[in-house]
Amino acid sequence: QVQLVESGGGLVQAGGSLRLSCEASGRIFSTYVMGWFRQAPGKEREFVGGINWKSGSTTYGDSVKGRFTISGDNAKNTVSLQMNSLKPEDTAVYYCAAGGRWGSYEFWGQGTQVTVSS
């Protein structure tokens, strides 16, 4: 079992920045990729971005590409999501996820609220 805990959410004005963190614990050896998703009320869960621990490669959803950056710290078992140039449409609950391969996210955090005001 892998436990994921997100932190760093909050309220920010449009154009501002936030940095989310996700700390993993438990059977970390089972994880291969970690990703961020978000979900706004009445909308489907959306892929934000992910990172491959072994290769270091990252991918991003089109809506955040160029504004958000994912990074990992193996020593701390932590991944971060740096969010810049935030827009009101970025408002959502952001979830950290982990799994054994791309597209197979088995473990999820509790989520952290990000609210961007106009």
Matching residue for V48 among V64, I70, T59, L20 - test: side-chain contact (heavy atoms from CB on, under 4.5 Å):
V64
Any link between V114 and V79 through a network of hydrophobic side chains (Ile, Leu, Val, Met, Phe, Trp, Tyr) touching at under 4.5 Å?
yes
Measure from the side-chain N and O atoms of E6 to the backbone N and O of Q110, and report whether any donor-acceptor pair falls under 3.5 Å.
yes
Within the structure provided, determine whether F47 and Y105 are in side-chain contact (heavy-atom separation under 4.5 Å).
yes
Could you give the distance from CD (E23) to OG1 (T78), rounded to the nearest 0.5 Å?
4.5 Å
Taking every heavy atom of L18 against every heavy atom of G8, the minimum-distance pair comes out as CD2-O, 3.9 Å
Given the rule that I, L, V, M, F, W and Y join up when any side-chain heavy atoms are under 4.5 Å apart, are V12 and V93 in one cluster?
no
Should we count CD of E89 as having more than 12 external heavy atoms under 6.0 Å?
yes
Kindly assign one of parallel, tilted or perpendicular to the pair F37 and W108, based on the angle between their ring planes and the thresholds 30° and 60°.
tilted
Joint hydrophobic cluster, W102 plus Y95, side-chain heavy atoms closer than 4.5 Å
yes
Mark yes or no for whether S57, through its side chain, and S55, through its backbone, hold a donor-acceptor pair below 3.5 Å.
no
Tell me if the CD atom of Q82 is crowded by more than 12 foreign heavy atoms within 6.0 Å.
yes
What closest approach, in Å, do P88 and A14 show between heavy atoms, and which atom pair accounts for it?
CD-CB, 4.1 Å
Indicate the atoms forming the closest heavy-atom contact of R19 with S71, along with that distance.
NH2-OG, 3.5 Å
Enclosure of R27 CZ (heavy-atom neighbours >12, cutoff 6.0 Å)
no
Does any non-hydrogen side-chain atom of D90 lie less than 4.5 Å from one of R38?
yes
Any side-chain heavy-atom pair from K87 and S63 closer than 4.5 angstrom?
no
I'd like to know if V33 and L4 are part of one continuous hydrophobic network [Ile/Leu/Val/Met/Phe/Trp/Tyr, side-chain heavy atoms within less than 4.5 Å].
no
Tightest non-hydrogen contact, residues A40 and A92, listed as N-CB, 3.9 Å
Rounded to the nearest 0.5 Å, what separation is found between the CD atom of Q113 and the OG1 atom of T91?
7.0 Å
Nearest-0.5 Å distance, CZ of residue R67 to OG of residue S85:
7.0 Å
Starting at CD1 of I51, measure out to CG of L81 and round the result to the nearest 0.5 Å.
11.0 Å
Please round to the nearest 0.5 Å and tell me the distance separating atom OH of Y94 and atom CE of M83.
5.5 Å
Do W36 and C22 touch side chain to side chain, with heavy atoms closer than 4.5 Å?
yes
Rounded to the nearest 0.5 Å, what's the gap from SG on C96 to CD on Q3? Could you check?
12.0 Å
